[in-house]
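Written below as structure tokens is the structure these notes are about.
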Amino acid sequence: STSHLHSLEDRKLMMQAHALFYLAIVAALLLSTRLIGETAETEAQIREGSQVSFEYTLSDETGTVIESNKGKQPMSYIHGKRQIIPGLEKELSGMKVGEEKKIQVKPEDGYGPINPDAFQEVPKDKLPPEALKVGTTLMAQGAQGQGIPVRVHEIKDTTVIMDFNHPMAGKTLSFDVKVSEIKTPEK
């Protein structure tokens with residue numbers, strides 16, 4: 001009868017050990033889930049002051065690729081400093097490293113609508129003869145010495161109508177972006 005008591009006690013101890021073992025597994029699972037959740041929440045997101053690098057392909061309304069840096073040097077900027085067009089910056093906000101997004105930017109959030117006041121008539125003899133073709137882009141010099149692209153819009157008898165609008169003004173732009181790096185600002 002003492003052997004029967006031992007086996008009953010042994011079984012009780014064994015059941016308690018199993019219960020503790022399962023409890024330990026459940027606790028470990030809960031803890032690891034909580035830690036994984038915290039890691040995801042603290043993962044860097046693009047926010048004010050973040051130094052961001054991203055790859056992009058820019059296309060126009062027809063889907064024609066205008067430019068791309070995929071597989072080349074990523075584009076870098078500081079978020080919130082107006083270093084890129086507003087519509088693109090707004091849509092990049094909150095993205096994480098590795099995240100990809102298709103972003104459409106309307107003219108008012110990009111390079112603006114076409115400004116009718118940006119067309120100027122200049123004497124034909126002020127342009128080089130090889131530039132006297134509609135669509136030719138020349139570089140003019142801005143007030144601060146920066147290069148400004150100007151396009152031959154129309155050719156008249158003695159004058160040429162030049163378009164000083166940005167080449168992408170009035171266009172809806174499509175960006176395929178992938179965030180490659182985010183350096184968050186120091187708090």
* **Those residues that, when tested against Thr184, pass side chain to side chain donor-acceptor pair (under 3.5 Å) (two or more places apart)** => none
* Residue pair Glu108, Lys106: steps toward the side chain to side chain contact (heavy atoms under 4.5 Å, CB included) verdict -> CA-CA 6 Å; Glu108 50 276 9; Lys106 301 251 178 263; 3.5 Å; yes
Run the side-chain donor-acceptor check on residues 58-65: report pairs under 3.5 Å with partners two or more places apart or on a different chain.
residue	atom	partner	partner atom	Å
Asp60	OD1	Thr62	N	3.0
Asp60	OD1	Thr62	OG1	2.7
Asp60	OD1	Gly63	N	3.2
Asp60	OD1	Thr64	N	3.0
Glu61	OE2	Thr172	N	3.1
Thr62	OG1	Thr64	OG1	2.9

* **Hydrophobic cluster identity match, Ile155 and Val150, side-chain contacts under 4.5 Å** => yes
* When hydrophobic residues are tied together by side-chain contacts of less than 4.5 Å, even through go-betweens, does Ile114 share a cluster with Tyr111? -> no
* Determine whether Phe164 and Val152 fall in the same hydrophobic cluster, where Ile, Leu, Val, Met, Phe, Trp and Tyr are linked whenever their side-chain heavy atoms lie under 4.5 Å apart. => yes
* Using the test ring-ring contact (aromatic ring centres under 6.0 Å, His included), find all partners of Phe119 that sit at least two apart in sequence or belong to another chain. => His153
* Structure fact -> Exactly one candidate in Val177, Val97, Ile182 meets side chain to side chain contact (heavy atoms under 4.5 Å, CB included) with Phe54; the answer is Val177
Side-chain atoms of residues 76-88: list all donor-acceptor pairs with protein atoms under 3.5 Å, sequence neighbours left out, distances to 0.1 Å.
residue	atom	partner	partner atom	Å
Ser76	OG	Ser53	OG	2.8
Tyr77	OH	His79	ND1	2.8
Gln83	OE1	Ile78	N	2.7

* Rounded to the nearest 0.5 Å, how far does CG of Leu92 lie from CD of Glu99? -> 9.5 Å
* Any idea which heavy atoms bring Ser68 and Thr57 closest together, and the distance? -> OG-OG1, 2.9 Å
* Asked: Can you tell me how far CD of Glu55 sits from NZ of Lys70, rounded to the nearest 0.5 angstrom?
  -> 6.5 Å
* Asked: Any donor and acceptor pair, going by atom type alone, linking the side chain of Ser50 with main-chain N or O of Val52 inside 3.5 Å?
  -> no
* Heavy-atom closest pair, residues Tyr56 and Asn69 -> N-OD1, 2.6 Å
* Heavy-atom pair with the smallest gap, counting every atom of Pro113 and Ala169 -> O-CB, 4.1 Å
Which atom pairs, donor and acceptor, lie under 3.5 Å between side-chain atoms of residues 132-149 and protein residues at least two apart or in another chain?
residue	atom	partner	partner atom	Å
Thr136	OG1	Lys133	O	2.8
Gln146	OE1	Gln144	N	3.0

* Could you give the distance from CE (Met168) to CD (Glu67), rounded to the nearest 0.5 Å? -> 5.0 Å
* How far apart are the closest heavy atoms of Ala44 and Lys96, and which atoms are they? -> O-CG, 3.6 Å
* Write out all pairs satisfying salt bridge (Lys or Arg N to Asp or Glu O under 4.0 Å) with one or both partners inside residues 153-176, taking only residues at least two apart or from two chains. => Lys102-Asp176, Glu121-Lys156, Arg151-Asp163
* To do: Using a cut-off of 6.0 Å, state whether more than 12 heavy atoms not belonging to Lys101 lie near its atom NZ.
  => yes
* **Inter-residue atom distance Asp109.CG - Glu91.CD, 0.5 Å rounding** => 9.0 Å
